[in-house]
Amino acid sequence: MSQDKPFTRILAIETSCDETAAAVVENGAAAPGAVILSNVIASQTDLHAQYGGVFPEVASRKHIEVIYAVINRAMNEAHLGYDDLDCIAVTRGPGLVGSLLVGMNVAKGLALGRRKPLLGINHIEGHIYSLWLTEHAPDIRFPVLTLVVSGGHTELYLMTDHGRYQHLGGTLDDAAGEAFDKVGRLLGLPYPGGPSIDRAARNGNPHAYKFPRAVVDDSFNFSFSGLKTAVLRATKRYEPDRLPVNDLAASFQAAVVDVLVRKTAQAAQTHAVGAPMATAVHIAGGVSANSLLRQEMSAQLELPVRYPPPILCTDNAAMIAAAAHWRFLQGERSSLDLDVAPTLPLI
Ligand code: KG4
Ligand code: ZN
């Protein structure tokens, strides 16, 4: 990766779901040297908790309300003016169309008004580049086996270079985070289900219930809908106020983690034998914050396993800036006609 000047500073905006986020990052994907100058996240979690999930129209309205304040704060905390920026990056998709549009339109306005290049970024690629914002960045060597586990995605990729991915497998139904959120709701836990189940499981017995582990042949695909149904069936055996929440949470979490670890280990072995050989495993996305997942991946895999810190696991704009960095250096720019793409694929 070549650079004409010593640093590149990117303001990134992320509004794909229910977090309004803006960040300024210097040298996002250059190893070593990424510096997060600011990383502001206004979460709407409390707002959506009453619906038990994200209410799309409420989400986009809230983005409109707070986005300028979030961006101003990101610029102030970075102690920079717009003249100091090289580029405005924004999440283009995948995500909720109304939410994406808010970030995209504000980014376009800033790019036009401040005469800065615009760069639309894939949200999944953002999660993948969150690893370049960690202390592991200088050690990253391609190819890297990457598991993206979030509310919307459960996908295994072999990343062979910057921006180059082989899709190995993914979920056939619910994403892992979606399963956590739905089971959280079944257990009467606060939204989002992931962190709630993670907490409840610490006081539960993971062997209390034998929940199914969907193997989905010998591919690298996942399926979580059968597991969700099994938890639903187990809850029916109890009066609602007598649910053994901690045991159900621990047993469910153990089943999800077991499948994620097994498939990732299988993929790591397969690609460790033939070329190209993965040098490490990266886990990114909201579910990568899960404590059991981290513990088991590190314990059971032979390759080094790396995760972002929790603040960079869930949605944030610093990761979007990191993904934008190397694309910017490649000379990539987006047109001001760029549209959002709610189902944008990574490859
Ligand atoms: O990456 P993210 O913020 O948004 C998407 O791109 O979808 O991921 C959000 C998901 C939610 O489903 C949430 O329940 C899950 O990540 N999550 C967790 C944990 N923290 C967040 N799942 C399991 N354990 C956690 N500690
Ligand atoms: Zn995400």
Side-chain angles (χ1 to χ4, degrees), residues 17-18 43-56 58-59 96 147-155 169-217 221-264 283 285-297 300 310 313-315:
C17 190
D18 62 343
S43 176
Q44 303 179 5
T45 300
D46 295 346
L47 191 63
H48 297 287
Q50 59 187 307
Y51 309 111
V54 179
F55 197 128
V58 174
L96 301 170
L147 175 68
V148 181
V149 262
S150 68
H153 298 91
T154 303
E155 307 293 334
T171 184
L172 302 175
D173 38 57
D174 290 350
E178 193 180 353
F180 268 99
D181 294 339
K182 286 178 177 168
V183 167
R185 213 156 40 221
L186 283 178
L187 301 183
L189 292 168
Y191 172 83
S196 297
I197 289 177
D198 198 342
R199 269 191 304 275
R202 285 180 204 150
N203 302 312
N205 174 5
H207 307 292
Y209 299 87
K210 281 248 156 317
F211 288 136
R213 271 77 167 151
V215 177
V216 197
D217 53 56
N221 291 326
F222 304 88
S223 166
F224 295 107
S225 69
L227 171 59
K228 185 189 60 195
T229 310
V231 179
L232 173 65
R233 230 179 276 128
T235 61
K236 295 265 161 77
R237 289 188 236 148
Y238 303 92
E239 293 298 321
D241 57 340
R242 307 295 286 272
L243 269 186
V245 171
N246 295 345
D247 284 351
L248 286 165
S251 302
F252 161 77
Q253 179 177 265
V256 175
V257 167
D258 197 13
V259 172
L260 291 175
V261 172
R262 237 193 276 177
K263 290 281 174 184
T264 308
I283 324 268
V287 182
S288 68
N290 185 266
S291 49
L292 185 71
L293 181 68
R294 288 173 174 241
Q295 184 187 310
E296 291 302 307
M297 283 282 187
Q300 295 190 35
C313 288
T314 42
D315 289 349

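This one's a predicted model, so the numbers in the text were calculated from it and none came from an experiment.
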*For the atom pair CG (Leu147) and OG1 (Thr264), what is the distance rounded to the nearest 0.5 Å?*
4.5 Å
*Once you round to the nearest 0.5 Å, how far does CG of Leu260 lie from CE of Met297?*
5.5 Å
*asked:* Can a donor-acceptor pair be found, under 3.5 Å and without considering hydrogens, that links the side chain of Asp181 to the backbone of Gly193?
replied: yes
*Mind checking what makes side-chain contact (heavy atoms from CB on, under 4.5 Å) contact with Pro212, not counting sequence neighbours?*
Leu227, Ala230
_Asp174: salt bridge (Lys or Arg N to Asp or Glu O under 4.0 Å) partners, not counting sequence neighbours_ = Lys182, Lys228
*Asp173 to Ser223 - nearest heavy-atom pair and separation*: OD2-OG, 2.6 Å
*CZ of Phe55 to CG of Leu47: how many Å apart, nearest 0.5 Å?*
10.5 Å
Residues 232-239, side-chain donor-acceptor partners within the protein, below 3.5 Å, at least two apart:
residue	atom	partner	partner atom	Å
Thr235	OG1	Leu232	O	2.5
Tyr238	OH	Tyr209	OH	2.6

*Quick one: CG on Leu243 to CG on Leu189, what's the gap to the nearest 0.5 Å?*
9.5 Å
_Nearest heavy atoms of His48 and Val54, plus distance in Å_ = ND1-CA, 3.7 Å
*asked:* Can you give me the closest heavy-atom contact between Ala175 and Gly152, atom names plus distance?
replied: CB-C, 3.5 Å
_Closest approach of Thr45 to Pro192 (non-hydrogen atoms, all atoms of both residues)_ = CG2-CD, 3.3 Å
*Would a distance-only check, ignoring hydrogens and angles, find a side-chain to backbone donor-acceptor pair under 3.5 Å from Asp198 to Ser291?*
yes
*Non-hydrogen atoms of Cys313 and Arg294 that approach each other most closely*: SG-NH2, 3.2 Å
_ring pair (Phe, Tyr, Trp, His ring centres under 6.0 Å) contacts touching residues 175-208 (sequence neighbours left out)_ = Phe180-Phe252
*Can you name the salt bridge (Lys or Arg N to Asp or Glu O under 4.0 Å) partners of Arg199, sequence neighbours left out?*
none
_With a 3.5 Å distance limit and no angle check, can you tell me whether Thr171 reaches the backbone of Thr154 through a side-chain donor-acceptor pair?_
no
*With sequence neighbours excluded, give me every side chain to side chain donor-acceptor pair (under 3.5 Å) pair touching residues 241-258.*
Arg213-Asp258, Gln253-Asn290, Asp258-Arg262
*Can you check whether Phe222 reaches Val149 side chain to side chain, under 4.5 Å on heavy atoms?*
no
*So how far is it from Arg185 CZ to Ser196 OG, rounded to the nearest 0.5 Å?*
12.0 Å
*Return the minimal non-hydrogen interatomic distance between Leu96 and Cys17, and the atom names on each side.*
CD1-CA, 4.2 Å
*Can you tell me how far CZ of Phe224 sits from CG of Leu172, rounded to the nearest 0.5 angstrom?*
10.0 Å
